[in-house]
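All remarks here apply to the structure that follows.
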Amino acid sequence: RAKQEGRNTYRLFRAEMQQQDHRRLELETALRNTAETGEGLAVHYQPLVDRDSGEVQGAEALLRWHHPQFGDVSPGDFIPLAEWSGLILPLGERLMQLVAGQLHDWLAEGLSPPRIAVNLSARQFWQTDLVPRVRALYADYGLPPGLIGFELTESILLDKQQQAVHTLEALREMECRLAIDDFGTGYSSLSYLQELPVTTVKIDRSFIRGLGESRGSAAIVAAVTGLAKELGLRVVAEGVETEAQLAALSRYHVDLIQGYLTGRPVAGEAFAAHYLV
Ligand code: C2E
Ligand code: MG
Ligand code: MG
Ligand code: MG
């Protein structure tokens, strides 16, 4: 009996797996079409707010995908798929064009947009022509230096450190801000922070969430912000949702707040209406 049940469970499990594979395949096909046509892609912008003055000091560009059949697909679903399939290259290229076009339009309207940060995945960062591509982007859209910056995760930079430093330095020469994203969730050898020419550290939201809850989170926030200050890096607290979290952060060296409390990601039009003058 137990054996029979075990077998049934296994069959159920396998059927579920096949369904998942099927859906993933369908999604991948849809994403491939989207990468080719750009249809259904949009960018949302989330403000980074100065903790002391409340001023908007930057924004993060976040990719959004709406598909006629699948509806709004979460980045948590399609970004891993895009990375794994290689589609992140054409999608990332489209995102950068959209962001550059948006910045160009805002400038043409006489608005003063803040610096916008774009997420780069490993494949994008390791493209041999990343730097000339970025240079061309600035030139094509007539953007002032530094207006578009980048966010990278720790694991990318740990890889070939020497080569990573080389690319980061070239981007720094173009005055791009460079942030380490989701800091604390990766391998987090604190010592490499001083070896990488980055400008910003973004403390992952799991530690912000844990702030009033676990002593461990507070210890990590204290360590990271202390070190960042010593090294002259800007610190962003990610995923700040409550006044209590904001208050808890006042004990540490945090420059910028990014989270639902200070502003959700919104489409370009809404971002301009709310934040730009
Ligand atoms: P991320 O780079 O760490 O971006 C921050 C994520 O946290 C965003 O999720 C944002 O909407 C969410 N968030 C911001 N404030 C809060 C908050 O207060 N509470 C909570 N619960 N969440 C908050 P999103 O847009 O779903 O993106 C998820 C991830 O997908 C991003 O994490 C990033 O790693 C990736 N991603 C998004 N757009 C792109 C892209 O254009 N290129 C690449 N390579 N990755 C992207
Ligand atoms: Mg990011
Ligand atoms: Mg992040
Ligand atoms: Mg994150």
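Counting starts at 1 for both ligands and their atoms, in listed order.
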Worksheet entry | Within reach of ligand 1, part of His44 (heavy-atom separation under 4.0 Å) | neither

Worksheet entry | Exercise: identify the closest heavy-atom pair between Pro114 and Ala59 | CG-N, 4.5 Å

Fill in: Heavy-atom donor-acceptor pair, Asp129 side chain to Pro132 backbone, under 3.5 Å
no

Fill in: Option set Arg205, Glu238, Arg123, Gln245, criterion heavy-atom distance to atom 6 (C) of ligand 1, minimum
Arg205

Practice prompt. Take every heavy atom of Gly92, measure it against each atom of ligand 1, and state whether any distance is under 4.0 Å.
Written response: no

Fill in: Residue pair Glu93 / Gln97, side-chain donor-acceptor N/O under 3.5 Å
yes

Discussion item. Contact between ligand 1 and Glu60 is defined here as a heavy atom of the residue under 4.0 Å from a ligand atom; is it met?
Written reply: yes

Worksheet item: Other than Leu62, which residues form its hydrophobic cluster under the rule that side-chain heavy atoms must be closer than 4.5 Å?
Response: none

Worksheet, complete the sentence: Hits for side chain to side chain donor-acceptor pair (under 3.5 Å) against Asp255, two or more places apart or cross-chain, chain-then-number order -> none

Worksheet item: Touching ligand 1 at all, Pro265? Heavy atoms, strictly under 4.0 Å?
Response: yes

Worksheet item: Non-hydrogen atoms of Arg64 versus ligand 1: any pair closer than 4.0 Å?
Response: yes

Discussion item. Between the Mg ion (ligand 3) and Glu238, which N, O or S atom of the residue is the nearest one?
Written reply: OE2

Worksheet entry | Sidechain-backbone polar pair: Gln127 side chain, Gln124 backbone, donor-acceptor under 3.5 Å | yes

Worksheet item: Does Lys202 have a non-hydrogen atom less than 4.0 Å from ligand 1?
Response: no

Response to the item:
Nearest heavy atom to atom 10 (C) of ligand 1, choosing from Thr153, Leu62, Asp204, Leu41, belongs to Leu62

Response to the item:
the Mg ion (ligand 3) has as its nearest N, O or S atom from Asp181 the atom OD1

Worksheet item: So, Gln46 and Tyr260: side-chain donor and acceptor under 3.5 Å apart, yes or no?
Response: no

Practice prompt. Identify the residue among Ile79, Asp72, Val73 that makes a side chain to side chain contact (heavy atoms under 4.5 Å, CB included) with Pro75.
Written response: Ile79

Discussion item. Taking 2.8 Å as the cut-off, does Asp204 contribute an N, O or S atom near the Mg ion (ligand 3), distance below it?
Written reply: no

